[in-house]
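Before any comments, here is the structure.
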Amino acid sequence: MYNEGESSSDFMGEMALQNETVLWEGKPFNFGFPSFTHYRITERRIVVEKGIFTKRREEIQLYRIRDITLKRNLLERMLKIGDITVLSTDTTSPSYLLRNIRDSVTVSDLLGQAAETARLKFRAQELTEIQVQ
(Lines give C-alpha, C1' and ligand atoms only; values in the text may rest on other atoms or scores of the structure.)
Protein backbone atom coordinates (compact mmCIF):
# COMPACT_ATOMS: atom_id res chain seq x y z
CA MET A 1 0.00 0.00 0.00
CA TYR A 2 2.55 2.64 1.05
CA ASN A 3 6.23 2.65 1.94
CA GLU A 4 7.32 1.59 5.40
CA GLY A 5 8.74 5.00 6.44
CA GLU A 6 5.79 6.90 5.00
CA SER A 7 2.75 7.77 7.12
CA SER A 8 -0.77 7.19 5.85
CA SER A 9 -1.40 10.96 5.66
CA ASP A 10 1.66 11.35 3.36
CA PHE A 11 0.30 8.54 1.23
CA MET A 12 -3.15 10.14 1.01
CA GLY A 13 -1.59 13.50 0.10
CA GLU A 14 0.36 11.90 -2.73
CA MET A 15 -2.79 10.12 -3.94
CA ALA A 16 -4.63 13.45 -4.09
CA LEU A 17 -1.78 14.96 -6.12
CA GLN A 18 -1.89 12.02 -8.53
CA ASN A 19 -5.50 12.92 -9.41
CA GLU A 20 -4.48 16.48 -10.34
CA THR A 21 -2.83 17.64 -13.54
CA VAL A 22 0.66 18.97 -12.83
CA LEU A 23 1.20 22.14 -14.87
CA TRP A 24 4.81 22.76 -13.77
CA GLU A 25 7.30 21.46 -11.26
CA GLY A 26 10.88 22.29 -10.43
CA LYS A 27 13.50 23.29 -7.91
CA PRO A 28 15.19 26.62 -7.25
CA PHE A 29 18.33 27.31 -9.29
CA ASN A 30 21.15 27.36 -6.73
CA PHE A 31 24.21 27.76 -8.95
CA GLY A 32 25.16 24.08 -8.66
CA PHE A 33 24.46 23.66 -4.94
CA PRO A 34 21.82 21.09 -3.97
CA SER A 35 18.34 22.35 -3.16
CA PHE A 36 15.98 20.61 -0.80
CA THR A 37 12.98 22.63 -1.93
CA HIS A 38 10.56 21.34 -4.55
CA TYR A 39 7.81 23.42 -6.18
CA ARG A 40 4.77 21.96 -7.96
CA ILE A 41 1.93 23.86 -9.62
CA THR A 42 -1.16 21.81 -10.32
CA GLU A 43 -4.53 22.82 -11.72
CA ARG A 44 -5.77 23.44 -8.15
CA ARG A 45 -2.83 24.54 -6.00
CA ILE A 46 0.83 25.38 -5.47
CA VAL A 47 2.62 22.74 -3.39
CA VAL A 48 5.97 23.58 -1.79
CA GLU A 49 7.97 20.84 -0.08
CA LYS A 50 11.11 21.72 1.91
CA GLY A 51 13.59 19.80 4.00
CA ILE A 52 15.88 16.79 4.10
CA PHE A 53 15.01 14.76 7.19
CA THR A 54 11.97 16.70 8.31
CA LYS A 55 9.79 17.57 5.34
CA ARG A 56 7.54 20.61 5.50
CA ARG A 57 4.77 20.93 2.96
CA GLU A 58 2.80 24.10 2.26
CA GLU A 59 -0.11 24.56 -0.13
CA ILE A 60 -1.76 27.61 -1.61
CA GLN A 61 -5.06 27.11 -3.41
CA LEU A 62 -4.91 28.82 -6.82
CA TYR A 63 -8.33 30.44 -6.50
CA ARG A 64 -6.97 32.37 -3.47
CA ILE A 65 -4.18 34.06 -5.46
CA ARG A 66 -4.76 37.79 -5.88
CA ASP A 67 -1.49 39.04 -7.34
CA ILE A 68 1.75 37.67 -8.81
CA THR A 69 4.98 39.68 -8.95
CA LEU A 70 8.17 38.74 -10.80
CA LYS A 71 11.54 40.24 -9.80
CA ARG A 72 14.74 39.77 -11.85
CA ASN A 73 17.98 41.73 -11.77
CA LEU A 74 20.38 41.93 -14.73
CA LEU A 75 22.25 38.70 -13.92
CA GLU A 76 18.97 36.87 -13.31
CA ARG A 77 17.60 38.08 -16.65
CA MET A 78 20.72 36.76 -18.40
CA LEU A 79 20.36 33.39 -16.62
CA LYS A 80 16.56 33.39 -17.22
CA ILE A 81 15.78 32.97 -13.51
CA GLY A 82 13.76 35.12 -11.14
CA ASP A 83 11.80 35.35 -7.90
CA ILE A 84 8.02 35.02 -8.09
CA THR A 85 6.02 36.52 -5.22
CA VAL A 86 2.48 35.22 -4.80
CA LEU A 87 0.01 37.35 -2.81
CA SER A 88 -3.08 35.48 -1.72
CA THR A 89 -5.96 35.45 0.72
CA ASP A 90 -4.45 32.37 2.38
CA THR A 91 -4.38 32.84 6.18
CA THR A 92 -1.16 30.92 6.91
CA SER A 93 0.99 32.52 4.20
CA PRO A 94 -0.64 35.49 2.46
CA SER A 95 2.67 36.32 0.76
CA TYR A 96 4.85 33.52 -0.55
CA LEU A 97 8.16 33.73 -2.41
CA LEU A 98 9.20 31.17 -5.02
CA ARG A 99 12.97 31.75 -5.25
CA ASN A 100 15.29 31.42 -8.25
CA ILE A 101 12.77 29.91 -10.65
CA ARG A 102 14.14 28.88 -14.05
CA ASP A 103 12.28 30.35 -17.03
CA SER A 104 10.50 32.57 -14.51
CA VAL A 105 8.53 34.63 -17.05
CA THR A 106 6.86 31.51 -18.47
CA VAL A 107 6.16 30.09 -15.00
CA SER A 108 4.73 33.41 -13.80
CA ASP A 109 2.42 33.64 -16.83
CA LEU A 110 1.36 29.99 -16.40
CA LEU A 111 0.60 30.60 -12.73
CA GLY A 112 -1.49 33.68 -13.53
CA GLN A 113 -3.53 31.81 -16.13
CA ALA A 114 -4.01 28.82 -13.81
CA ALA A 115 -5.16 31.10 -10.97
CA GLU A 116 -7.70 32.81 -13.25
CA THR A 117 -8.98 29.43 -14.46
CA ALA A 118 -9.31 28.19 -10.86
CA ARG A 119 -11.22 31.34 -9.82
CA LEU A 120 -13.67 30.83 -12.67
CA LYS A 121 -13.98 27.09 -11.98
CA PHE A 122 -14.64 27.54 -8.25
CA ARG A 123 -16.59 30.79 -8.76
CA ALA A 124 -14.39 32.55 -6.22
CA GLN A 125 -14.90 36.31 -6.18
CA GLU A 126 -13.61 39.17 -4.07
CA LEU A 127 -16.07 41.45 -2.36
CA THR A 128 -15.18 44.19 -4.86
CA GLU A 129 -16.28 41.93 -7.73
CA ILE A 130 -19.79 41.22 -6.40
CA GLN A 131 -22.50 43.37 -7.96
CA VAL A 132 -25.37 44.35 -5.66
CA GLN A 133 -28.68 44.83 -7.45
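Atoms considered below: every heavy atom in the structure, side chains included; atoms not considered: hydrogens, waters and symmetry mates.
- The stretch residues 79-98 participates, sequence neighbours left out, in no ring pair (Phe, Tyr, Trp, His ring centres under 6.0 Å) pair at all.
- Across all their heavy atoms, R44 and E20 have their closest contact at NH1-OE2, 3.0 Å.
- Of all the heavy atoms in E43 and A118, the pair that sits closest is O-CB, 4.3 Å.
- A 4.5 Å side-chain heavy-atom check between L87 and I65 finds every atom pair outside the cut-off.
- Tracing side-chain contacts under 4.5 Å through hydrophobic residues (I, L, V, M, F, W, Y), one reaches V105 starting from L23; they form part of the same cluster.
- A heavy-atom distance below 4.5 Å is not found between the side chains of L97 and I84.
- K71 NZ: more than 12 foreign heavy atoms inside a 6.0 Å radius.
- With sequence neighbours excluded, no residue forms a side-chain hydrogen bond (donor to acceptor under 3.5 Å, both in side chains) with Q113.
- With values rounded to the nearest 0.5 angstrom, D83 atom CG is found 9.0 Å from L98 atom CG.
- Linking ILVMFWY side-chain heavy atoms closer than 4.5 Å, directly or via other members, places Y39 and I46 in a single hydrophobic cluster.
- In this structure, K55 does not pair ionically with E49, as no charged nitrogen and carboxylate oxygen lie closer than 4.0 Å.
- Counting only residues at least two apart or in different chains, ring pair (Phe, Tyr, Trp, His ring centres under 6.0 Å) contacts with residues 43-67 comprise Y63-F122.
- Note on L74: it does not cluster hydrophobically with L79, by side-chain heavy-atom contacts below 4.5 Å among ILVMFWY residues.
- When all heavy atoms are compared, the tightest approach of I68 to S108 is CG2-OG, 3.6 Å.
- Judged by distance alone, the side chain of N73 and the main-chain N or O of L75 form a donor-acceptor pair under 3.5 Å.
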### Query
Is there a side-chain contact (heavy atoms from CB on, under 4.5 Å) between N100 and N30 once you walk through the steps?
CA-CA 7 Å; N100 296 338; N30 285 339; 3.9 Å; yes

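- Atom-to-atom distance recorded for L62:CG and L111:CG is 6.5 Å, nearest 0.5 angstrom.
- Counting heavy atoms from C-beta outward, E58 and R45 have side chains that stay 4.5 Å or more apart.
- There is a path of hydrophobic side-chain contacts, each under 4.5 Å, that joins L70 to L110.
- For D90, the side-chain hydrogen bond (donor to acceptor under 3.5 Å, both in side chains) partners at least two apart in sequence or on another chain are T92, S93.
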### Message
Apply side-chain contact (heavy atoms from CB on, under 4.5 Å) to residues R40 and V22 and explain how you reach the verdict.
### Response
CA-CA 7 Å; R40 183 178 299 132; V22 176; 3.8 Å; yes

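- Going from atom NZ of K27 over to atom OG of S35 covers 6.0 Å, rounded to the nearest 0.5 Å.
- At most 12 non-hydrogen atoms from other residues, nucleotides or ligands lie less than 6.0 angstrom from CZ of R99.
- Residues in residues 100-111 take part in no salt bridge (Lys or Arg N to Asp or Glu O under 4.0 Å) pair, two or more places apart or across chains.
- In this structure, R72 and S104 have side chains that are in contact, with non-hydrogen atoms separated by less than 4.5 Å.
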### Task
Output, in order, the C-alpha distance, side-chain angles, deciding distance and verdict of side-chain contact (heavy atoms from CB on, under 4.5 Å) for V47 and R57.
CA-CA 7 Å; V47 180; R57 179 175 161 162; 3.7 Å; yes

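- Applying the ring pair (Phe, Tyr, Trp, His ring centres under 6.0 Å) criterion to F29, with sequence neighbours excluded, gives F31.
- T85 places a side-chain heavy atom less than 4.5 Å from the side chain of S95.
- Hydrophobic cluster membership is shared by V107 and I60, with clusters built from Ile, Leu, Val, Met, Phe, Trp and Tyr side chains linked at under 4.5 angstrom.
- Inter-residue side-chain proximity for T89 and R66 is flagged as met; some heavy-atom pair is nearer than 4.5 Å.
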